[in-house]
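Naming convention: chains lettered A, B, ... in sequence-line order (proteins, then strands); numbering from 1 in each chain.
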Protein chains: 2
Amino acid sequence: MKGNSVFKRCYNHCLDRLAQMAPGAGLPSESELAQRLEVSRTTVRAVLAALAERGIVRAAAGRREVLRLPAAADYFPDPQTMSAVASVERRFMDWILQGDFRAGQLLNTAELARQFGTSTTTIREHLAQFQHLGLLERRPNSAWLFKGVTTEFATEIYDVREMFELRATRSFIELPADSGPWQELDAIEADHHALLANMDTDYPRFPRLDERFHHMIHASAQNRFILDFYDTVSTLFHYTYRWNKTDEKQRNTTALLEHLDYIEALRSRDPRAIDARCRKHLRTSRATLLRSIAVGPFRIDAISSPGAQS
Amino acid sequence: MKGNSVFKRCYNHCLDRLAQMAPGAGLPSESELAQRLEVSRTTVRAVLAALAERGIVRAAAGRREVLRLPAAADYFPDPQTMSAVASVERRFMDWILQGDFRAGQLLNTAELARQFGTSTTTIREHLAQFQHLGLLERRPNSAWLFKGVTTEFATEIYDVREMFELRATRSFIELPADSGPWQELDAIEADHHALLANMDTDYPRFPRLDERFHHMIHASAQNRFILDFYDTVSTLFHYTYRWNKTDEKQRNTTALLEHLDYIEALRSRDPRAIDARCRKHLRTSRATLLRSIAVGPFRIDAISSPGAQS
DNA sequence: AACCTGTTTTTAATGTAAAAAAGACAGAGG
DNA sequence: CCTCTGTCTTTTTTACATTAAAAACAGGTT
């Protein structure tokens, strides 16, 4: 009745650690493992029992040791390590971005539960999430309305995002130059240069770096609503990145360069320059999102009206 | 297994209508009633059956007529007409505002379900709502953390609200003077004068008018995130209004006058003047919220640090 | 005492079931 | 042909049950 994804994820995580140990080596205590893997000792015990069962460790009394190194076949397949909730989120996003749903369509929970192989409870919980993303509308005692990933949606998101990010930069430049966020900025900038130097092979690493940069900026506003908003839309971006692969390397290169300009402006602490660079980057980013939307099937009409971006 | 609050609310609503009819008069068709009462015909039928059972209407074939006028005893008691969800929201808010919870406290669903007399399912659904209000934080596979109605909370809310409301006024003054929102503004202003003239008796009507005014402003931004944010925090305000009654008449009078200044600025369509008046009003409003917080038990410390309002 | 592990108790995640409300269908009457 | 009502079907809401995971407890070893 409850998935054991925590167990499976922990098991795999454990195998990763064992792979770096020599056979015959002793294992840390249960409590220590629990702390490192960020799960309860109960889960650790279950994992250790499973490892013993598979002959990877031996559960000798008082002392546990590695019997053999784990092979690829020992791992649980990746999809199973996702919690039911995360799994639904991903599949739902894929559906939306692939155009399986159309704007104005009514969704019913039983149907979705069947499609996604979970219960209505889990579906409901997630529909509520998407409601806050502005993609769904709840009709009490009735079905859910899919409002569509339209140009209006993108425009509304970016309007708010621009307000929030500009506000966050104001807080950021107030911070002392030796504070944590500024050190983080140094590290982020270095990573930008490193990525740029190996762009041909490493460009898929950009989204994570992008997320890290903007998250840091938003976090410095010290405002839960600003940060929550960013985190929410950032999962949306995550899925659009995953799905729209056209021109990826070129787009990422452009964004990296814009980030560097933006960072330079932040160092100048000149609000005017910051506003200009930040706005420029967000305009590009918004255009990317709009293009992702336009590329999707059934969506060509969504950008047909000229000037809709204004 | 499912409460019948829709039925009860509809039943009461129906009695209100019958009270304005003469005995012996005929009733509209089921479909028509359903449309007017905004429920399904199924519910209307159930209500009509119950009314017949109680001898208030007669279900003669082909024609239905009023037998007697409803009395106060015929109504379902008000609390029962609230959906379980709305009921939990209210009780939870009361708990929070009365200081039954303290910042940093862990909540567990089973306990709350017991306290509120519902199931864990309903509780969970509502905890998720409050998470978006920024009052709770979810610890996966663990309890929920109550973050407290603190001065930081009020500051963060009002920072965002100010950004949003100012942005909304920009959209508002772009609208043509004969558009719906401007006509609504005329009506709202008239209601302000009317309320001001009968302040001694009517001051409790202010919160609803306040809600209507700010909602209209926010709506003209045509941005779902801005409007959703306002609607969410506005329920919070609703409960603080309900609970903090000190100086109520005085506070409402001040707010009304500030609204009128604000409206005057809107008519001038001068951004500078609008910013000044809007900010002034929001500062007052924030101070009111902060005072509500401070008055609550266990909360005195929340405003003890001078300059926290800055 | 501090720590480690075996056991027991709580609690959150999530599937299932039943009732209420919505919606679809169909015959009857104007 | 349209509307109105009686019947049947779907779907949402909500309580409850069950399992995974966490937390508390307790005895044992150094």
**Prompt:** Do B:Asn4 and B:Gln80 touch side chain to side chain, with heavy atoms closer than 4.5 Å?
**Reply:** no
**Message:** Categorize B:Leu107 for me: base, sugar-phosphate, or nothing, with a 4.0 angstrom heavy-atom threshold over every strand shown.
**Reply:** sugar-phosphate
**Message:** Quick check: any donor-acceptor pair below 3.5 Å linking the side-chain of A:Thr122 to the base of C:dG15?
**Reply:** no
**Request:** Check the distance between C:dC3's C1' and A:Arg63's CZ and give it to me in whole angstrom.
**Result:** 17 Å
**Message:** Taking the minimum atom-to-atom distance to the side chain of B:Thr118, which one of C:dA21, D:dA15, C:dC4 wins?
**Reply:** D:dA15
**Item:** Distance test, side-chain N/O of B:Arg64 to OP1/OP2 of D:dT5, below 4.0 Å
**Value:** yes
**Request:** Check the angle between the aromatic planes of A:Phe164 and A:Phe229 and answer parallel, tilted or perpendicular using the 30° and 60° thresholds.
**Result:** perpendicular
**Asked** C:dT11 C1' sits how many Å from B:Ile123 CD1, rounded?
**Response** 14 Å
**Gap separating the CG atom of B:Leu18 from the CG atom of B:Leu69, nearest 0.5 angstrom** = 8.5 Å
**Item:** Along DNA chain C (nearest heavy atom to each residue), the more 5'-positioned of B:Glu38 and A:Glu125
**Value:** A:Glu125
**Message:** Without decimals, in angstroms, what is the distance between A:Met1 CE and C:dA17 C1'?
**Reply:** 11 Å
**Request:** Using atom CG of B:Leu112 as one end and atom C1' of C:dA12 as the other, report the distance to the nearest whole Å.
**Result:** 13 Å
**Message:** Strictly below 4.0 Å: does B:Ser40 bring a side-chain N or O up to OP1 or OP2 of C:dA21?
**Reply:** no
**Prompt:** So, B:Glu38 and B:Arg9, do they make that salt bridge, N to O below 4.0 Å?
**Reply:** no
**Prompt:** Taking for each residue the nucleotide of DNA chain C bearing the nearest heavy atom, is the 5' side occupied by B:Ser142 or by B:Val6?
**Reply:** B:Ser142
**Request:** From the options D:dA21, C:dT14, D:dT12, select the nucleotide whose nearest atom is closest to the side chain of A:Phe7.
**Result:** D:dA21
**Request:** Check if the side chain of A:Lys2 and the base of C:dA13 share a donor-acceptor pair of N or O atoms closer than 3.5 Å.
**Result:** no
**Request:** Determine: side-chain N/O of B:Thr109 to OP1/OP2 of C:dA12, distance under 4.0 Å, yes or no.
**Result:** yes
**Request:** Quickly work out the A:Asn4 CG to C:dG15 C1' distance and round it to whole Å.
**Result:** 14 Å
**Prompt:** Among D:dG6, C:dA12, C:dA22, which is the nearest nucleotide to the side chain of B:Glu30?
**Reply:** D:dG6
**Request:** Please check the phosphate of D:dT12 (OP1 and OP2 only) for any side-chain N or O of A:Arg124 closer than 4.0 Å.
**Result:** no
**Request:** State which of C:dG23, C:dT16, C:dC4 makes the closest approach to the side chain of A:Ser119.
**Result:** C:dT16
**Between D:dC4 (P) and B:Glu32 (CD): distance, integer Å** = 7 Å
**Message:** Does D:dT11 have its OP1 or OP2 closer than 4.0 Å to a side-chain nitrogen or oxygen of A:Asn108?
**Reply:** yes
**Phosphate-side-chain proximity, B:Thr121 and D:dC16, N/O vs OP1/OP2 below 4.0 Å** = no
**Fill in**
To the nearest angstrom, the CG-P distance between B:Leu106 and D:dA24 comes to 10 Å
**Prompt:** Between A:Phe116 (CZ) and C:dG15 (C1'), how many Å, whole number?
**Reply:** 17 Å
**Member of A:Trp144, A:Phe130, A:Tyr239 meeting the ring-ring contact (aromatic ring centres under 6.0 Å, His included) criterion with A:Phe92** = A:Phe130
**From CA spacing to verdict: side-chain contact (heavy atoms from CB on, under 4.5 Å), A:His218, A:Arg161** = CA-CA 10 Å; A:His218 283 85; A:Arg161 185 170 167 200; 4.2 Å; yes
**Fill in**
Testing C:dA13, D:dT5, C:dA21 for proximity to the side chain of B:Thr43, the answer is C:dA21
**Message:** Here's a test of your reading of the structure: between A:Arg41 and A:Lys8, which maps to the more 5' nucleotide of DNA chain D?
**Reply:** A:Lys8
**Message:** At 4.0 Å (heavy atoms only), tell me whether B:Leu127 reaches a base, stays on the sugar-phosphate, or touches nothing.
**Reply:** nothing
**Request:** Check the pair B:Phe146, B:Trp95 against ring pair (Phe, Tyr, Trp, His ring centres under 6.0 Å), reporting the backbone distance first and the verdict last.
**Result:** CA-CA 12 Å; B:Phe146 177 55; B:Trp95 272 54; over 10 Å; no
**Prompt:** Any donor-acceptor pair under 3.5 Å joining the side chain of B:Thr42 to the base of C:dA22?
**Reply:** yes
**Item:** Selection from C:dA13, D:dT7, C:dC4 that lies nearest to any side-chain heavy atom of A:Ser31
**Value:** C:dC4
**Request:** Identify whether any heavy atom of B:Arg139 sits under 4.0 Å from a base atom; if not, whether one sits that close to sugar-phosphate; answer base, sugar-phosphate or nothing.
**Result:** nothing
**Message:** Nearest to the A:Arg138 side chain among D:dA23, C:dC4, D:dT13, which nucleotide is it?
**Reply:** D:dT13
